Amino acid sequence: MSSGVVQEKVASALLGALNGAKKKGQLKTETWPQVSLDAPKRPEWGDLASTVAMSLAASEQRAPHDIAQIIIDNLTQREQLFDRVEIVKPGFLNLTVKPAVWHEVLREIEMQGSAYGRAEMGQRHRVLVEYVSANPTGPLHVGHGRGAAVGQAVANMLKAIGYDVVSEYYINDAGRQMKLLGTSVYARYEELSNRPVEFPSEGYHGAYITALAERVKQQLGSELTGRAATEVEERCRTFAYQELLSLIREDLKSFGIEFESWFSEASLANSGAVQRVLDELKSKHFLFEQEGAWWFRSSAFGDEKDRVVQKQDGEYTYLASDIAYHQDKLRRGYDLLIDIWGADHHGYIPRMQAVVQAYGYPKDHLQVVLVQMVSLLRGGEKVEMSKRAGEFITMREVIDEVGADAAKFFFLMRDSDSHLDFDLELAKQRSSDNPVYYVQYAHARIASLWRVAVARGIVCPLPSETDLKVLTDPDELGLIRKLSAYPSVLQGSARAYEPHRMTYYLQQVAGLLHTFYNKHRILPPAADRDLLAVMPEGLVSGEGLQKEGLAPERTAARLALMSGVQQVLKNGLGVLGISAPEQM
RNA sequence: GCGCCCGUAGCUCAGUCGGAUAGAGCAUCAGCCUUCUAAGCUGAGGGUCGCUGGUUCGAUUCCAGCCGGGCGCACCA
């Protein structure tokens, strides 16, 4: 578990102490519990705190405090690693790590660069992440946008910790919805030629349907005149389908999302895969016939009841192609399948996991990440949407209005399984109230330092060529500690499929950066001499400058720190698919 | 009725494996630019962690019941 250079060092020192104590007969526990190390809430509790003594209390049958003392007594590296080691109340072990040890974080970041935070825990296991997968019956709406952002982030995070990830879009290009699309466009098409036909009762009402009909007329009109209605309808359907699918691709592309794989539902039926899979399940007795329909015995795998896969009229249900689709994924040999669904499909999870189990895999071979609804607000007022009437805000409109970066950040700010209020006005604001700008601005501010430094001819040595020992200020060390947590934040987010932990963390890093930037100087002031001459004795900021001295070594060390902050912001934003601008 | 999710500051929400005096942003109020980007910063107030029990050294976290909200319970997709 690589959770940062310092954490690793400290953890192994504690483990060493435990083993040392055991050798001496001071401790007797067979296997040590996880040596926990977290950042305590209060500064006086040190840099890192461990609860290991408390969790050993039961198996050692002694007071946590005594165990903690034993650990301390056996800490061979105490002098090298710690400034302070304390035992507090129930048995917390509070550790204050030497600045020089913290400084290694900056070396590590420099060395790893864009790879800082990455890990190999995925061991190149193959993962398929399926997301968006919207019916090509209309443009993508806001909800799809959130699904897209979450899917991309989950895929990227897993890549970053060593999985081989393929992202896939499942095109629902078969079945009733496609038929309805066809008849809807056909109805509008006939209307345009003053031959009104009955509009399908559950058809699609959006204005884009009429627009599609107009384009059918324009491009295919002469060819279609005099043709049979069924043929015209068929052409309307394929035309609309192709147009909408390419629209979806374009929208995703301008959202910065590209899929490695597009999988057609229709191809499953056409290739006979659906029937083949049903036959397989029949032979395994997971299918049975009742009242003229075929049922999947999903209740055998924890679903609350069995499900129809082939109706009385011989047609397959949606579930049938979904079974075939997931069987296809399994057949492709992935070690893990992740589906990202709208939360209204949650009732579907047990039956899909039943499918996975019917094929002999454990049910958690399929992980489903649910994405809850997005409520759009504008200046605090709810934007009303009605999908039925075809009035919904499209993903495209949101991207055009607030930009892809802001949209993604907002989509990822909350746990995907909880409702999201997305205020369009806020997302556009260029102020610290807007978390996207807040984070991006932190990055741009640092980028600006390099430009100014270059312009003034200030040398910017690499952290590895810089003496970092002047970095002892609590603000400096606080920033470094936060940077050291990045690998474990990334790994935690990835393993829980929870990108919102990343946005949260990035806001914290940006906050520390802005505070630091405001409080401390990094480069010497432009008009250093004039300033000091003009400034009256005792002026607060002047005093600060003189006190800190801003000797070249300090500037160099702080630049090294800034470089680390910038790298972490860039890496974190990158994983989320959000840009890290050099200038704003 | 059954199943899943949720209930933390006025609002929107974090809180990982059960840990110390409960965290952030917004809003409110009071301040901070002769400077490297004020697209920023500092400070203050604000809480029975829905309720009641249980598990234990310790519960916002785990368990049970209840209350309140959302979603799902098709031979639809």
Side-chain angles (χ1 to χ4, degrees), chain A residues 33-34 36 38 40-42 45 49 51 54-55 57-58 63-64 88-92 94 135 137 172 175-177 180 202 291-295 304-305 307-313 315 317-319 321-322 342-350 370 372-373 377 380 413-415 417-421 423 426 429-435 437-438 440-442 444-453 456 458 488-489 492-493 495-496 498 500-501 503-504 507-508 511 513-528 530-531 534-535 540-542 545 555 562 583-584:
Chain A
Q34 175 85 35
S36 73
D38 33 36
K41 280 177 245 173
R42 305 171 73 87
W45 294 335
T51 57
M54 288 184 279
S55 39
V88 182
K89 263 202 308 191
F92 287 100
N94 289 348
N135 290 335
T137 54
N172 297 124
R176 209 174 87 93
Q177 300 308 315
L180 276 171
E202 287 171 275
E291 294 164 16
W294 282 92
W295 299 68
E304 59 186 9
K305 55 183 166 188
R307 311 287 173 176
V308 171
V309 290
Q310 192 170 17
K311 298 187 256 180
Q312 284 180 338
D313 63 9
E315 289 230 10
T317 63
Y318 180 82
L319 178 62
S321 31
D322 243 7
D344 53 342
H345 289 71
H346 73 256
Y348 219 78
I349 297 172
L370 296 176
Q372 277 286 1
M373 269 182 45
L377 307 177
M413 263 197 318
R414 306 281 178 236
D415 185 346
D417 197 18
S418 64
H419 283 253
L420 174 71
D421 281 339
D423 196 315
L426 178 60
Q429 258 177 48
R430 296 147 67 89
S431 76
S432 60
D433 296 352
N434 180 351
Y437 280 90
Y438 189 74
Q440 288 184 319
Y441 179 45
R445 253 186 162 172
I446 298 171
S448 162
L449 287 174
W450 309 130
R451 288 190 296 270
V452 173
R456 293 215 213 129
I458 294 168
S488 61
V489 171
S493 299
R495 277 143 57 99
E498 290 182 357
H500 73 278
R501 298 192 199 183
T503 53
Y504 195 76
Q507 289 179 81
Q508 291 181 332
L513 182 276
H514 288 308
T515 297
F516 186 86
Y517 186 95
N518 206 259
K519 192 166 161 190
H520 303 282
R521 278 243 134 218
I522 293 143
L523 302 172
D528 207 347
D530 308 346
L531 244 175
V534 168
M535 218 168 321
V540 178
S541 55
L545 289 184
T555 288
M562 290 301 110
Q583 211 163 4
M584 291 174 73

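In what follows, every chain begins at residue 1, and chains take the letters A, B, ... in the order their sequences are listed. Here the structure is a predicted model, which means the values were calculated and not measured.
- Contact annotation: A/His500 reaches the phosphate of B/G15 (side-chain N/O to OP1 or OP2, under 4.0 Å).
- Between the side chain of A/Gln310 and the base of B/C75, no donor-acceptor pair under 3.5 Å is found.
- In this structure, CE of A/Met413 is placed 12 Å from C1' of B/A14, rounded to the nearest angstrom.
- In this structure, A/Asn94 contributes its side chain and A/Ala49 its backbone to no donor-acceptor pair below 3.5 Å.
- A/Arg414 comes within contact range of at least one nucleobase, with a heavy-atom separation under 4.0 Å.
- Here A/Leu449 contributes atom CG and A/Ile458 contributes atom CD1; the two are 9.5 Å apart, rounded to the nearest 0.5 Å.
- The closest donor-acceptor contact from the side chain of A/Ser493 to the backbone of A/Arg501 lies at 3.5 Å or more, if one exists at all.
- Taking CZ of A/Arg414 as the start and NE2 of A/His419 as the end, the distance is 13.5 Å to the nearest 0.5 Å.
- Below the 3.5 angstrom threshold, one finds no donor paired with an acceptor across the side chain of A/Asp344 and the base of B/A77.
- Picking from B/G3, B/C36, B/A20 the nucleotide with the shortest atom distance to the side chain of A/Val88 gives B/A20.
- Across all strands, A/Asn135 comes closer than 4.0 Å only to sugar-phosphate atoms, never to a base (heavy-atom distances).
- Of the P atoms belonging to B/U61 and B/C17, the separation is 14 Å, rounded to the nearest Å.
- Phosphate proximity of B/A38 to A/Arg430: absent, as no side-chain N or O sits under 4.0 Å from OP1 or OP2.
- Side chain of A/Gln312 to backbone of A/Glu291: a donor-acceptor contact under 3.5 angstrom is found.
- Across B/C75, B/C41, B/C73, the shortest atom-to-atom separation from the side chain of A/Asn518 is found for B/C41.
- Between A/Ser55 and the phosphate of B/C57, there is no side-chain N or O to OP1/OP2 separation shorter than 4.0 Å.
- With B/U21, B/A14, B/G19 as the choices, the nucleotide that has an atom nearest any side-chain atom of A/Met54 turns out to be B/G19.
- No engagement by A/Ser36 is indicated, since no non-hydrogen atom pair under 4.0 Å with the nucleic acid exists.
- Side-chain nitrogen and oxygen atoms of A/Lys41 include at least one within less than 4.0 Å of the OP1 or OP2 phosphate oxygen of B/A20.
- Considering only side-chain atoms of A/Tyr517, the nucleotide from B/C41, B/C36, B/G19 that sits closest is B/C36.
- Two residues are said to be in side-chain contact when any heavy atoms from C-beta on lie closer than 4.5 Å; A/Phe516 and A/Met562 meet this criterion.
- Of the possible donor and acceptor atoms, none in the side chain of A/Thr317 sits under 3.5 Å from a partner among the backbone N and O of A/Gln310.
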Next on the checklist: If a pair means Watson-Crick or G-U wobble with both distances below 3.5 Å, what does RNA chain B look like in dot-bracket form, with | marking bases paired to a different strand?
Outcome noted: (((((((..((((.....[...)))).(((((.......))))).....(((((..]....))))))))))))....

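- Side-chain atoms of A/Arg456 and A/Leu523, non-hydrogen and from C-beta on, do get closer than 4.5 Å to each other.
- To the nearest angstrom, P of B/C71 lies 8 Å from CE of A/Met373.
- A/Ala444 comes within 4.0 angstrom of a nucleotide base, judged by non-hydrogen atoms across all strands.
- Residue contacts shown for A/Glu304 are limited to sugar-phosphate atoms, with no base heavy atom under 4.0 Å away.
- Looking at A/Arg501, its side chain comes within 3.5 Å of the base of B/U16 through a donor and an acceptor atom.
- A donor and an acceptor atom sit less than 3.5 Å apart, one in the side chain of A/His346 and one in the base of B/G3.
- Here A/Gln508 contributes atom CD and A/Leu513 contributes atom CG; the two are 13.5 Å apart, rounded to the nearest 0.5 Å.
- Taking syn as a glycosidic angle within 90° of 0, B/C41 does not qualify and is anti.
- Classified by its glycosidic torsion, B/C17 falls in the syn category, the angle being within 90° of 0.
- A/Gln508 comes within contact range of no nucleotide atom at all, as no heavy-atom separation falls under 4.0 Å.
- Note on A/Asp415: only backbone sugar-phosphate atoms sit closer than 4.0 angstrom, heavy atoms only; bases stay farther off.
- Taking atom C1' on both B/C71 and B/C26, the two are 28 Å apart, rounded to the nearest angstrom.
- At the heavy-atom level, A/His345 lies under 4.0 Å from base atoms of the strands shown.
- Distances from the side chain of A/Tyr348 to the nucleotides B/A20, B/C73, B/A77 place B/A77 closest.
- Atom CD1 of A/Ile446 and atom OH of A/Tyr517 lie 9.5 Å apart (nearest 0.5 Å).
- Across B/U55 and B/G18, the matching C1' atoms stand 11 Å from one another, rounded to whole Å.
- For A/Tyr438 and B/A39, the ring-to-base geometry does not satisfy the stacking test (centroid distance below 5.5 Å, interplanar angle below 30°).
- Nucleotides B/A64 and B/A59 are separated by 15 Å at their C1' atoms, to the nearest Å.
- Comparing the same atom, P, in B/U52 and in B/C67 gives a spacing of 15 Å after rounding to whole Å.
- For the C1' atom pair drawn from B/C57 and B/C41, the interatomic distance equals 43 Å after rounding to whole Å.
- Here the side chain of A/Tyr504 is nearest to one of B/A39, B/A24, B/A20, namely B/A24.
- Taking 4.5 Å as the limit, some side-chain heavy atom of A/Phe92 sits within range of a side-chain heavy atom of A/Thr51.
- Stacking of the aromatic ring of A/Trp45 onto the base of B/A20 is found: the ring centres lie under 5.5 Å apart and the planes are inclined by under 30°.
- For the C1' atoms, the distance from B/G58 to B/C36 is 48 Å, rounded to whole Å.
- Along RNA chain B, the nucleotide nearest to A/Met584 and the one nearest to A/Ala49 differ in position, and the one closer to the 5' end is contacted by A/Ala49.
- Contact annotation: A/Thr515 side-chain N/O to B/U42 OP1/OP2 distance is under 4.0 Å.
- Each of A/Thr317 and A/Asp38 has a nearest nucleotide on RNA chain B; the 5'-most of these lies closest to A/Asp38.
- Across B/G68 and B/A27, the matching C1' atoms stand 26 Å from one another, rounded to whole Å.
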